[in-house]
Amino acid sequence: MKNIILLGPPGAGKGTQARKLVDERGMVQLSTGDMLREARTSGTEMGRKVAAVMDGGELVTDEIVIGLIEEKIRASHGAGFIFDGFPRTLAQADALGAMLHRSGQDLSAVIEMRVDDEVLVRRISGRFTCGNCGEVYHDETKPTKKPDVCDVCGSTDLRRRADDNAESLKVRLMEYYKKTSPLIGYYYALGDLFTIDGLAPIEVVSRELTDILDQQSAT
Ligand code: ADP
Ligand code: ADP
Ligand code: ZN
């Protein structure tokens with residue numbers, strides 16, 4: 001059973017690749033961004049607190065996201081987790097290591113998806129998702145086949161995220177470079193790091209990723 005982390009700035013393609021691995025390999029995607037977006041619509045105290053933070057582009061507190069992940073790891077079915085957008089701080093990385101250790105698991109690979117900053121702006125400003133099934137699209141690089149209809153489920157509920165604007169992206173990039181990018185060195189030192197070119201087309205990135213996963217099972 002393999003647990004992997006997809007590490008990269010907003011728009012690197014983490015969610016897109018995580019969904020492919022779920023479809024192709026039956027792995028379990030744990031996206032803290034998705035969990036937090038769900039929490040904010042729940043009308044709870046926690047939901048209200050995170051909404052403002054997310055819209056501004058800052059990181060939600062470590063305590064909240066670690067709590068969300070811990071629940072999911074406990075309810076694990078052992079299919080292999082894809083951590084998507086978590087960890088994002090050194091404290092979260094330490095906590096993840098401890099949580100996996102406690103449940104008798106470990107990490108197979110941390111995959112850094114490298115993408116130029118100018119491309120991220122284009123990726124984020126063209127992104128939209130299906131509100132029903134979660135499929136991720138892009139105005140230029142991955143449009144729907146029929147206008148305004150999801151290819152996967154046929155829903156017409158296509159949405160853009162409130163934080164996918166230039167203003168919030170600036171803050172998100174700064175958060176990434178200040179708080180998340182040190183994890184590249186952290187996982188390199190642990191011997192878990194792989195780097196792939198996130199600028200390649202979706203299918204090419206996907207192949208590189210599955211090659212790394214298969215390589216891991218061979219050892
Ligand atoms: P992106 O697709 O841009 O990488 P996500 O969907 O992963 O963004 O996250 C959206 C927002 O949710 C972040 O800007 C942040 O406010 C919050 N968030 C998600 N994951 C975490 C995390 N691990 N730690 C702190 N905040 C998080
Ligand atoms: P993240 O989860 O890292 O924030 P997403 O998977 O949501 O990133 O991708 C951001 C945007 O870029 C989406 O609109 C997606 O369709 C598009 N995208 C993802 N991967 C690629 C790629 N390799 N080439 C071109 N566009 C991509
Ligand atoms: Zn859909």
Side-chain angles (χ1 to χ4, degrees), residues 5-21 29-40 49-69 82-93 95-96 111-116 119-144 148-165 168-176 179-180 183 196-209:
I5 296 175
L6 297 182
L7 186 62
K14 304 180 295 295
T16 298
Q17 297 298 331
R19 288 181 62 82
K20 287 177 77 68
L21 288 170
Q29 178 185 10
L30 296 184
S31 158
T32 41
D34 288 348
M35 292 175 206
L36 290 166
R37 276 185 288 279
E38 212 168 285
R40 59 183 286 173
K49 262 197 280 182
V50 302
V53 178
M54 285 177 84
D55 288 348
E58 285 173 33
L59 293 186
V60 172
T61 63
D62 288 335
E63 198 190 351
I64 290 177
V65 290
I66 290 167
L68 288 170
I69 287 285
I82 309 155
F83 295 98
D84 161 14
F86 179 92
R88 264 173 151 101
T89 64
L90 291 167
Q92 292 177 24
L96 176 62
I111 295 146
E112 180 204 355
M113 303 176 66
R114 205 172 275 175
V115 176
D116 293 345
V119 175
L120 296 179
V121 179
R122 289 208 297 277
R123 291 251 181 113
I124 293 289
S125 50
R127 169 162 62 186
F128 61 99
T129 55
C130 173
N132 180 50
C133 75
E135 187 67 5
V136 185
Y137 294 98
H138 190 277
D139 292 326
E140 280 138 38
T141 64
K142 197 189 175 212
T144 54
D148 305 320
V149 180
C150 175
D151 297 350
V152 177
C153 74
S155 167
T156 54
D157 178 17
L158 300 171
R159 305 174 179 180
R160 287 182 200 269
R161 277 167 45 176
D163 59 340
D164 277 351
N165 58 70
S168 159
L169 181 61
K170 249 187 243 165
V171 180
R172 284 152 70 196
L173 267 184
M174 190 59 84
E175 291 283 79
Y176 177 78
K179 298 174 183 166
T180 309
L183 298 187
I196 63 179
D197 177 13
L199 288 170
I202 292 173
E203 293 306 326
V204 175
V205 176
S206 170
R207 214 171 311 134
E208 277 198 49
L209 213 82

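Both counts, for ligands and for their atoms, begin at 1 and track the order of listing. Everything numeric in this text was worked out from a predicted model, so none of it was measured.
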**Asked** Does the Arg122 side chain pair with the main chain of Glu140, one donor and one acceptor, at a distance under 3.5 Å?
**Response** no
**Heavy-atom side-chain contact between Asn132 and Cys150 under 4.5 Å** = no
**Asked** Is the backbone of Val119 close enough, under 3.5 Å, to the side chain of Asp116 for a donor and an acceptor to pair up by distance?
**Response** no
**Prompt:** For Gly85, does its backbone N or O pair with a side-chain atom of Thr32 as donor and acceptor, under 3.5 Å?
**Reply:** yes
**Prompt:** For ligand 1, which atoms, with element, lie under 4.0 Å from some heavy atom of Met54?
**Reply:** 11 (C), 12 (O), 16 (O)
**Request:** Using a 4.0 Å heavy-atom threshold (strictly under), name the region of Val60 that reaches ligand 1: side chain, backbone, both or neither.
**Result:** both
**Fill in**
Quick note on ligand 1: atoms under 4.0 Å from a heavy atom of Arg37 include exactly 6 (O), 10 (C)
**Item:** Arg160 atom CZ, neighbour heavy-atom count above 12 within 6.0 Å
**Value:** yes
**Main-chain N/O of Cys130 paired with Glu135 side-chain donor or acceptor, under 3.5 Å** = no
**Cys153 SG and Cys150 SG subtending at the Zn ion (ligand 3) (10° steps)** = 110°
**Message:** Quick one: does any side-chain atom of Gln92 pair with a main-chain N or O of Arg88 as donor and acceptor, under 3.5 Å?
**Reply:** yes
**Asked** Can you tell which part of Leu59 has a heavy atom less than 4.0 Å from ligand 1: side chain, backbone, both or neither?
**Response** both
For ligand 2, list all ligand N or O to protein N or O distances below 3.5 Å, rounded to 0.1 Å.
from     : atom 1 : to     : atom 2 : distance (Å)
ligand 2 : 2 (O)  : Gly15  : N      : 2.8
ligand 2 : 3 (O)  : Ala12  : N      : 3.2
ligand 2 : 3 (O)  : Gly13  : N      : 3.0
ligand 2 : 3 (O)  : Lys14  : N      : 2.8
ligand 2 : 3 (O)  : Lys14  : NZ     : 2.8
ligand 2 : 4 (O)  : Gly11  : N      : 2.8
ligand 2 : 4 (O)  : Arg127 : NH1    : 2.9
ligand 2 : 6 (O)  : Gly15  : N      : 3.4
ligand 2 : 6 (O)  : Thr16  : N      : 2.8
ligand 2 : 6 (O)  : Thr16  : OG1    : 2.6
ligand 2 : 7 (O)  : Arg127 : NH1    : 2.6
ligand 2 : 8 (O)  : Gly13  : N      : 3.1
ligand 2 : 14 (O) : Tyr137 : O      : 2.7
ligand 2 : 16 (O) : Tyr137 : O      : 3.4
ligand 2 : 23 (N) : Ala200 : O      : 2.8
ligand 2 : 23 (N) : Ile202 : N      : 3.4
ligand 2 : 24 (N) : Arg123 : NH2    : 3.3
ligand 2 : 26 (N) : Arg123 : NE     : 3.4
ligand 2 : 26 (N) : Thr141 : OG1    : 2.9

**Message:** If you define the side chain from C-beta out and look only at heavy atoms, does anything of Val171 sit under 4.5 Å from Glu58?
**Reply:** yes
**Message:** Give the atom numbers and elements of ligand 1 that come within less than 4.0 Å of a heavy atom of Gln92.
**Reply:** 22 (C), 23 (N), 24 (N), 25 (C)
**Fill in**
So the atoms of ligand 1 within less than 4.0 Å of a heavy atom of Leu36 turn out to be 12 (O), 17 (C), 18 (N), 19 (C), 27 (C)
**Subset of ligand 1 atoms that lie under 4.0 Å from at least one heavy atom of Glu58** = 15 (C), 16 (O)
**Prompt:** Under 3.5 Å, side chain of Arg123 to main-chain N/O of Ala12, donor-acceptor pair present?
**Reply:** yes
**Request:** Look at the side chain of Lys14 and the backbone N and O of Pro9, then say whether any donor-acceptor pair between them is shorter than 3.5 Å.
**Result:** yes
